[in-house]
There are 2 protein chains.
Amino acid sequence: MYQQIKGLILHSLQHGEWKPGEVIPSEMDLAARFRVSQGTVRKAIDELAADNLLMRRQGKGTFVATHAERQVQYRFLKLMPDVGDAREEGPAQRTILECKRSRAPVEIARALQLRTGDPVIQARRILSFAGVPTILEDIWLPGQAFKGLTAEQMAEYQGPTYAMFELDYGVRMVRAEEKIRAIAPDEEQANLLLVPVGTPLLSVERLAYTYNDVPMELRRALYRTDTHHYHNSLS
Amino acid sequence: MYQQIKGLILHSLQHGEWKPGEVIPSEMDLAARFRVSQGTVRKAIDELAADNLLMRRQGKGTFVATHAERQVQYRFLKLMPDVGDAREEGPAQRTILECKRSRAPVEIARALQLRTGDPVIQARRILSFAGVPTILEDIWLPGQAFKGLTAEQMAEYQGPTYAMFELDYGVRMVRAEEKIRAIAPDEEQANLLLVPVGTPLLSVERLAYTYNDVPMELRRALYRTDTHHYHNSLS
DNA sequence: GAGTGGTCTAGACCACGCG
DNA sequence: GCGTGGTCTAGACCACTCA
């Protein structure tokens, strides 16, 4: 039964009944609405909180998770400085190189579950830490959901790109899968990251999903790993 | 209170009261032992199961997690074939190149929380898939806990190395942290993996911990990523 | 059919945040 | 002081496993 309740809450999240950052009704209210006991609602919320879809705060309520919060900002970025920690390093400087409407090549279309040739937004940018260009990213977004996204918008928005997606397009990224390889950059890539052509780089291909396992973003990035590393916790 | 119960159960796990793969007492029994209700024990076990320290099986009981089980075998190995899946590929073929007693260099000692010069076991091996050498691993283990480990032992044991550690040395790896970089191999490394010297490889440095966050293994591996990739799920 | 974990309930009290 | 989530309890019943 709590799985059903979970489904109902999920449905409300998907349909924007409660927006990212907002409180959802109290456990008692939801229990009344769904005609179950508080404990059942609690278990449903527990699992949604474990999946990072909701955030509980004692004394205040349960909130729809958002990429805009300080604590969980850059949740999907696993690149860490070799010395010090990510907080003191602060957010990256962003340089948008390009942001254009185009048509999905086969590969991209398949990943985003579109048809080949469907409209997509394609963006390329560089993230720098302490002035050193460290990440080169190519981003593909389904054109339909992100109609009107411009380079200016990507440049202007302070904070995580995923937070901007929530605010301006109502698209919340919920989870992602990454495939990581070591590759040698081509000349253009090497020039953009200011490294010699032979330098090994981390290739990180990320497919990010919104609710219901719908893929909404494909991101292909190259990470310099001379002063940073990709950090992963296994358990 | 359930945190205290969790601590007590953890203590029993650490001290080997229940060994990997065994059942622990039922929730009712533990509730009686600790003088709390079943629900409190349940919550403690829930969290331990979420941390992969315990495994629940409905109708049978709660078991101490182990690396020997089919389902969770190679839990810490995130390298996946680009096509097909890891199960059909089967386990890797192992070639032990070396396994010797030595003294911990500064770096290794710091990672394993030993003193420089303390005895360590050092092993080097190659893992191959479909006959292709794909992983070159250097493993460092504290000499005290792994006294007597030999190359033969590493070669003979069928199944995950971590399962062998549990069985023969009573050391259970509970979680791990990995730092990933892209590097170019030196000549020796390149020869062992049968790749040209310039080939970018994934460098994966893993520190594996047993109970209580005690580091028990440092592993430095190079992964070929021409037919495989490192897979990571973010949420 | 006995024993295990899994779920649901209802009620009580606690800890926290905030007006 | 009220409302929120957090915890603990006790009892009931269900689903699964295995002798």
Side-chain angles (χ1 to χ4, degrees), chain A residues 1-13 17-66 68-72 75 174 235, chain B residues 1-13 17-66 68-72 235:
Chain A
M1 188 184 293
Y2 78 83
Q3 291 288 3
Q4 292 176 33
I5 304 300
K6 195 176 159 184
L8 291 171
I9 296 176
L10 211 41
H11 188 269
S12 290
L13 286 171
E17 181 173 342
W18 316 301
K19 302 221 159 44
E22 290 181 4
V23 258
I24 71 171
S26 76
E27 297 181 350
M28 287 309 261
D29 289 354
L30 290 174
R33 182 202 302 196
F34 300 133
R35 314 288 179 87
V36 295
S37 79
Q38 187 203 10
T40 305
V41 171
R42 168 171 291 273
K43 177 129 192 182
I45 292 181
D46 276 347
E47 294 207 349
L48 292 168
D51 292 345
N52 291 309
L53 297 180
L54 295 177
M55 272 212 32
R56 329 190 67 146
R57 281 190 236 160
Q58 185 169 147
K60 303 185 72 173
T62 300
F63 298 74
V64 183
T66 164
E69 272 169 66
R70 279 248 175 268
Q71 307 163 350
V72 290
R75 191 154 59 92
V174 156
S235 66
Chain B
M1 187 183 295
Y2 76 85
Q3 292 286 4
Q4 291 176 33
I5 304 299
K6 196 176 159 184
L8 292 171
I9 297 176
L10 210 43
H11 188 269
S12 290
L13 286 171
E17 181 174 342
W18 316 301
K19 301 221 159 48
E22 290 180 4
V23 256
I24 71 172
S26 76
E27 296 181 350
M28 287 308 261
D29 288 354
L30 289 174
R33 183 203 300 196
F34 299 133
R35 313 288 179 87
V36 295
S37 78
Q38 187 204 10
T40 305
V41 172
R42 167 171 292 273
K43 177 128 192 183
I45 293 180
D46 277 346
E47 293 207 350
L48 292 168
D51 292 346
N52 291 309
L53 297 180
L54 296 177
M55 273 212 31
R56 328 191 68 147
R57 281 189 235 161
Q58 185 170 148
K60 303 185 73 172
T62 300
F63 297 74
V64 183
T66 164
E69 271 169 66
R70 280 248 175 268
Q71 308 163 348
V72 289
S235 65

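Here is the naming used below: chain letters follow the sequence lines, and residue numbers restart at 1 for every chain. Since the structure is predicted, the reported quantities are computational estimates derived from the model, not experimental observations.
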>> Regarding B/V36, tell me which of base, sugar-phosphate or nothing describes its non-hydrogen contacts under 4.0 Å with the strands shown.
In response: sugar-phosphate
> Nearest-Å distance, CD (B/Q38) to P (C/dG3)?
Replying inline: 15 Å
> How far apart are the closest heavy atoms of A/V64 and A/W18, and which atoms are they?
Replying inline: CG2-CB, 3.8 Å
>> Would you compute the distance between atom CD1 of B/I24 and atom CG of B/L53 and round it to the nearest 0.5 angstrom?
In response: 11.0 Å
> Counting only non-hydrogen atoms, which of residues 46-61 of chain B are less than 4.0 Å from DNA chain D?
Replying inline: B/Q58, B/G59, B/K60
> Rounded to the nearest 0.5 Å, how far apart are NZ of B/K6 and CG of B/L13?
Replying inline: 11.5 Å
> How many angstroms lie between atom CD of A/E27 and atom NZ of A/K43, to the nearest 0.5 angstrom?
Replying inline: 14.0 Å
> Which is the 5'-most and which the 3'-most nucleotide of DNA chain D that has an atom under 4.0 Å from a heavy atom of chain B?
Replying inline: D/dT7 to D/dC18
> Once you round to the nearest 0.5 Å, how far does OG1 of A/T62 lie from CG of A/L54?
Replying inline: 6.5 Å
> Atom CZ in A/R75, atom OG1 in A/T66: separation rounded to 0.5 Å?
Replying inline: 9.5 Å
Which atom pairs, one a donor and one an acceptor, fall under 3.5 Å between side chains of residues 28-36 of chain B and the rest of the protein, sequence neighbours left out?
from, atom 1, to, atom 2, distance (Å)
B/R33, NH2, B/E17, OE2, 2.8

> Atom OH in B/Y2, atom CD in B/E47: separation rounded to 0.5 Å?
Replying inline: 4.0 Å
